[in-house]
Amino acid sequence: MSTLSEFYQKHSGKLLLLTLLSFPLLFVKAQTLPANNDIETWLPRDSEVRSNYEEFKRDFGVEELIVVGIENTSKDDVLVEAVCERLERLDSVRKCWSPGRMQAIMTSFGVDDVEAESRLKGLTLSQDGRLVGLICLLSPEGYGDRAKTVDAVTGVLEYCQLRGDQVRLAGAPVIVTELDRLGSEEENQKFFFITLLVCWGLLAYTTRQWQLSLALLGLTIWAIQLTLAGIHVAGGEMNFILSALSVMVMIFTLAVSIHFMHYYTAALEDDDPLGQALKTAWKPCCLATLTTTIGLVSLAVSDILPVNQFGYAAAWGSVVALITGLGLTPALMTIWPPQAQSEEQGAAIISRLGDWISTHSKVVSAATVTMIMATCVGLMSIETKIDPLDFLPKNSKVLTDAQRVEAQLTNIDSIEAVVEFRNNDLPFTQRLEKVREIEAVIAGHPAVRHTISSASFFPSEMPQNPFTLGRLLKRAESQREHNEYIADGERLWRISARISTSEGLSQHEIFEQLQARAEGLPVRFTGIAPMLNHAQQEIFRGFHESFLMAFLIITGVMVVSLRSWKTAMVAMIPNLTPICIVYGILGWVGMPVDIGMMMSGSIALGIAVDGTFHFLVHYQTQFNRGVSSSQASCEALRQTGVPIFKAALISSIGMLALTLSSFAPTARFGLLMCSLLIAALVGDLVLLPALLCLRPRRLRQQESEKAELAGPHRLPTTPEPAVLADRVA
């Protein structure tokens with residue numbers, strides 16, 4: 001009996017007891033992991049666009065706002081002003097604008113009532129006048145805790161007996177708060193528990209031992225808690241991207257455990273099945289974890305903090321999965337030894353599949369590669385999209401409120417233009433006219449729905465009478481400290497452009513086109529919307545770069561471990577199979593890929609590499625013994641096909657439970673992961689064996705076969721010199 005077997009025989013109970021006792025501490029640490037889905041974290045660090053936005057916030061304050069739409073009322077309703085006053089008293093709101101307040105300022109500056117109301121139509125007042133919008137500008141305190149701000153605003157509306165469809169709430173704080181709720185651990189735990197329940201049922205069915213299956217699932221949950229607790233200790237934060245981490249750790253842990261259990265049952269006739277299983281499993285499991293970890297750590301090069309954190313956290317999760325699956329599963333085997341499973345039917349199917357692939361390897365390889373190449377074309381058409389509204393359920397009130405506000409009032413997304421006057425001696429009226437000129441250029445863009453600036457409160461033509469103009473300017477001077485659109489002593493003027501992407505243009509394209517339109521003018525553009533769009537471009541650019549880096553590094557590890565660059569290159573083709581097939585189909589059907597779906601590509605690479613290494617280690621062992629590549633491929637498929645299929649089947653069916661979630665990213669992630677797991681089977685169980693069957697035989701094998709030919713079929717050979725000498729003698 002090996003040393004490791006003796007260790008587990010003596011200390012398995014203590015090891016499992018220690019694991020059980022550590023669970024409460026890990027659970028508490030995992031559950032108290034702070035969450036952070038703030039928009040700020042998704043902005044590129046140390047970039048020019050980030051510094052421009054930070055400067056804008058210092059000059060004009062926080063850009064975020066909440067729009068409160070009150071149905072079936074008018075701008076002159078006493079209730080509207082009462083609600084506005086109560087909202088403005090909140091610490092989280094620095095200013096609240098009502099249509100009445102805005103019109104009052106306009107009329108005080110000489111704009112007639114008809115013109116003032118016309119300017120408000122489609123901005124804070126619907127065209128029919130029955131939906132009134134209150135604009136709540138957030139204070140730094142409100143921006144720091146959006147959820148608390150939304151609760152406070154809702155509390156005021158409840159106090160004023162405005163509830164249900166009487167009131168509409170829209171704005172980034174409202175959407176972010178709802179996404180936090182939908183993507184929270186509490187909301188997603190019920191679907192994750194369903195996933196665990198499904199996986200346990202499938203494990204119990206395949207092992208025929210419910211105690212062992214339940215214990216394996218318990219180890220999986222322990223691994224998840226250890227992963228999250230480790231992130232907490234390291235100072236990390238949870239976000240909706242990292243919510244996929246639990247599923248990832250579950251898949252990797254189950255894969256290692258299922259492979260080990262298969263090796264154990266296959267060695268039951270051996271004197272030391274536990275030691276034999278450890279001897280067989282350690283190399284492919286460690287190599288798969290190494291390459292997966294390398295691939296995930298490569299994501300840490302991203303300049304986007306959540307992506308950076310995902311790289312480190314997922315790499316840590318893959319290591320935890322290895323420790324749990326290969327370190328603790330043997331301890332369970334000593335407590336509940338798995339029974340000899342009747343896998344004759346599955347093994348027979350796999351054997352027939354191997355024989356068929358060996359016989360038709362050229363056709364299978366050509367057909368599979370052709371299918372992959374056809375789907376690869378779709379990769380060129382993949383569209384990326386980060387639209388928070390797209391993450392909400394179709395029947396969500398937050399979504400319907402946002403759609404109502406955007407249809408009747410104004411859009412929530414904005415691009416901010418800052419006009420800078422370097423000439424301090426320029427009169428106020430000339431500055432005003434210059435701002436109005438630039439505002440007209442911006443408003444002329446088809447995607448710009450509304451613009452608002454200080455010029456929006458002044459008459460189209462300033463008074464010609466010096467005394468009237470003087471009084472107007474004095475009144476404007478008295479309002480300066482409350483002006484949200486002028487800063488730094490009239491040096492900086494702000495133009496807020498509300499934009500719509502209904503014209504088929506992305507926010508990034510609108511941003512660039514506005515910059516081109518304003519070229520030569522003293523204006524710079526910034527805002528949260530273009531910042532997030534820039535972040536989206538950085539995320540996907542960084543993901544592609546890191547994925548390429550991971551692919552090259554993993555290929556290098558395969559070359560070293562297999563000691564054959566040809567075999568390694570062949571083996572990397574199936575690793576790309578799930579990504580090419582699934583993402584290629586998404587490109588063909590025109591389904592946009594969000595950030596959560598794109599991140600699952602890293603998991604797909606890890607899944608494919610895991611099965612590939614288990615197959616290749618057995619293949620290389622057989623091939624090194626001198627058998628042909630075709631025979632080695634069939635034998636490797638016979639030994640590893642069943643556990644690879646079981647791991648993928650259990651995990652993929654479990655993933656389908658996530659599609660029940662009302663949080664769109666979670667549901668899409670579950671469906672995508674199921675598809676990737678099934679596609680990985682095509683690469684590992686069909687394409688890889690077929691390609692290896694095409695590998696040419698070794699030269700010494702060919703010579704050996706020639707030497708075995710007898711009779712007239714035997715090739716004439718030249719006698720050795722010593723033999724010739726004997727014959728002559």
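Residues take their numbers from the sequence shown, with the count starting at 1.
Aromatic rings of W97 and Y485 (six-membered ring for Trp) have centroids beyond the 6.0 Å cut-off, not under it. F458 and F428 have their aromatic ring centers within a separation under 6.0 angstrom.
Judged purely by distance below 3.5 Å, without hydrogens or angles, the side chains of E71 and T73 never pair a donor atom with an acceptor atom. No side-chain N or O of E416 forms a donor-acceptor pair with one of T526 less than 3.5 Å apart.
Closest of all the heavy-atom pairs between S453 and I495 is CB-CG1, 4.0 Å.
Once rounded to the nearest 0.5 Å, the distance linking SG of C136 with CZ of R94 reads 11.0 Å. Note that CD1 of I415 and CD1 of I499 are 4.0 Å apart. Values are rounded to the nearest 0.5 Å. Summarising the geometry, atom CG belonging to D112 is positioned 11.0 Å from atom CD belonging to E117; distances are rounded to the nearest 0.5 Å. Distance CD1/I438 to CD/E433: 12.0 Å, rounded to 0.5 Å. The CD atom of E85 sits 6.0 Å away from atom CZ of R89, with the distance rounded to the nearest 0.5 Å. With rounding to the nearest 0.5 Å, the separation of CD1 in I70 from CG in L79 is 5.5 Å.
A salt bridge is absent between E81 and K75; no separation between the charged side-chain nitrogens and carboxylate oxygens falls under 4.0 Å. Using a cut-off of 4.0 Å between Lys/Arg side-chain N and Asp/Glu carboxylate O, E406 and R449 are scored as not salt-bridged. At a threshold of 4.0 Å, the pair K57-E54 counts as salt-bridged, since one of the basic side-chain nitrogens sits closer than that to a carboxylate oxygen. The pair K95-E484 does not meet the salt-bridge criterion, since no charged nitrogen lies less than 4.0 angstrom from a carboxylate oxygen. Taking a cutoff of 4.0 Å between a charged side-chain nitrogen and a carboxylate oxygen, D165 and R404 do not qualify as a salt bridge. In this structure, D145 does not pair ionically with K148, as no charged nitrogen and carboxylate oxygen lie closer than 4.0 Å.
The local environment of CG in D151 is crowded, with over 12 non-hydrogen atoms from other residues, nucleotides or ligands closer than 6.0 Å. The neighbour count for R422 CZ, taken as heavy atoms of other residues, nucleotides or ligands under 6.0 Å away, does not exceed 12.
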- Please walk me through it: do E115 and R119 pass salt bridge (charged side-chain N to carboxylate O under 4.0 Å, His left out)? CA-CA 6 Å; E115 175 64 21; R119 293 183 183 183; 3.2 Å; yes

- Query: Do L514 and H445 pass the side-chain contact (heavy atoms from CB on, under 4.5 Å) test, and can you show the C-alpha distance, the side-chain angles, and the key distance before you say yes or no?
  - Reply: CA-CA 7 Å; L514 287 177; H445 192 285; 3.8 Å; yes

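A 4.5 Å side-chain heavy-atom check between R494 and F56 finds at least one atom pair inside the cut-off. Using a 4.5 Å heavy-atom cutoff, the side chains of L120 and Q103 are in contact. Looking at heavy atoms from C-beta onward, E178 lies in side-chain contact with L392 at the 4.5 angstrom threshold. Counting heavy atoms from C-beta on, the side chains of Q507 and D413 come closer than 4.5 Å. The side-chain heavy atoms of R498 and T451, taken from C-beta on, include no pair separated by under 4.5 Å. Inter-residue side-chain proximity for D113 and T107 is flagged as met; some heavy-atom pair is nearer than 4.5 Å.
For the pair R431 and F421, the cation-pi test (distance below 6.0 Å, angle within 45°) is passed. Remark: R146 is positioned above the aromatic ring of Y143, its terminal NZ or CZ atom under 6.0 angstrom from the ring centre and at most 45 degrees off the axis.
Between the side chain of S92 and the backbone N or O of G142 there is no donor-acceptor pair closer than 3.5 Å.
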